[in-house]
Amino acid sequence: LVEVHKKFSIPFASIVFILVGAPLGIAARKGSLGVGATLSIFFFLVYWACLILGEDLADRKLLPPLVAMWFPNILIGAAGFYLTWRTVKETTFFNWDKLIVKFRKRNATMDIE
């Protein structure tokens, strides 16, 4: 059962690493290439360690195979969602505040006329 869950959880990790890699790639584009590379290696090592530890604990029947094999994806996926959320929050394509001010000024001049 451990191998069955492992067979499905490892390919799913590619989606999880996209969630981590995209924000780190954007950060590296802004000029912090060293930080992005270091964090990428850190996330990979944490994933790998959790996968090996989970497999060992599941083989010893200390953890259910489902939890043991999917925990690394959940852990790194949560970090990926957080990094993605932070990146989206910091990166804006439109300055909504300026658009609202312009819209209000435009409406104010139309009311005067």
Side-chain angles (χ1 to χ4, degrees):
L1 198 54
V2 173
E3 293 300 319
V4 171
H5 284 289
K6 187 177 176 182
K7 182 186 267 189
F8 290 105
S9 70
I10 289 177
F12 188 78
S14 61
I15 297 170
V16 170
F17 281 112
I18 288 171
L19 286 174
V20 172
L24 293 178
I26 291 171
R29 190 170 175 212
K30 291 180 182 177
S32 58
L33 182 62
V35 173
T38 304
L39 285 174
S40 297
I41 292 170
F42 171 75
F43 281 117
F44 174 74
L45 289 176
V46 168
Y47 178 84
W48 178 73
C50 287
L51 189 67
I52 298 298
L53 180 65
E55 186 175 8
D56 189 45
L57 291 175
D59 286 341
R60 292 183 190 181
K61 300 197 185 313
L62 297 173
L63 274 179
L66 176 85
V67 173
M69 292 293 98
W70 286 94
F71 177 73
N73 287 333
I74 293 168
L75 179 69
I76 301 299
F81 274 118
Y82 175 74
L83 287 172
T84 302
W85 174 74
R86 290 285 305 214
T87 301
V88 168
K89 188 176 173 184
E90 291 175 4
T91 306
T92 58
F93 296 105
F94 296 108
N95 191 343
W96 295 105
D97 295 331
K98 285 185 180 180
L99 287 174
I100 291 171
V101 169
K102 284 183 182 182
F103 182 72
R104 287 182 181 164
K105 284 182 182 179
R106 183 172 170 243
N107 281 341
T109 57
M110 290 178 132
D111 290 341
I112 295 172
E113 296 174 1

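For this chain, numbers begin at 1 and follow the sequence in order. Keep in mind that the numbers below use all heavy atoms, side chains included, and drop hydrogens, waters and symmetry copies.
Among pairs with a residue in residues 3-27, those fulfilling salt bridge (charged side-chain N to carboxylate O under 4.0 Å, His left out) read Lys6-Glu55, at least two apart in sequence or across chains.
Hydrophobic cluster membership of Phe81, counting Ile, Leu, Val, Met, Phe, Trp and Tyr whose side-chain heavy atoms lie under 4.5 Å apart directly or via other members: Leu19. Counting Ile, Leu, Val, Met, Phe, Trp and Tyr side chains that sit under 4.5 Å apart, directly or through other members, Tyr82 shares a hydrophobic cluster with Trp85. Hydrophobic cluster membership of Leu62, counting Ile, Leu, Val, Met, Phe, Trp and Tyr whose side-chain heavy atoms lie under 4.5 Å apart directly or via other members: Leu53, Leu57, Leu63, Val67.
From Lys89, atom NZ reaches atom OG1 of Thr84 across 14.0 Å, with rounding to the nearest 0.5 Å.
Every side chain to side chain contact (heavy atoms under 4.5 Å, CB included) that Leu75 has, sequence neighbours left out, goes to Val46, Cys50, Phe71. Taking the side chain to side chain contact (heavy atoms under 4.5 Å, CB included) definition, one finds that Phe8 meets it with Val4, Trp70, sequence neighbours left out. By the ring-ring contact (aromatic ring centres under 6.0 Å, His included) test, Phe17 is found to be paired with Tyr47, residues two or more places apart in sequence or in another chain being considered. Here Asp56 pairs with Arg60 under the side chain to side chain donor-acceptor pair (under 3.5 Å) rule; sequence neighbours left out. Under the side chain to side chain contact (heavy atoms under 4.5 Å, CB included) criterion, Ala58 pairs with Val2, Ala68, not counting sequence neighbours. Remark: Phe44 engages no residue in a ring-ring contact (aromatic ring centres under 6.0 Å, His included) (not counting sequence neighbours). With sequence neighbours left out, the side chain to side chain contact (heavy atoms under 4.5 Å, CB included) criterion links Ala78 to no other residue.
Shown are Val16, Leu83, Thr38; of these, the side-chain contact (heavy atoms from CB on, under 4.5 Å) with Phe43 is made only by Leu83.
In the hydrophobic clustering of this structure, Leu51 groups with Leu66; members are Ile, Leu, Val, Met, Phe, Trp, Tyr whose side-chain heavy atoms approach within less than 4.5 Å, directly or through other members.
Taking all atoms of both residues into account, the shortest heavy-atom contact from Ile18 to Pro23 is O-CD, 4.3 Å.
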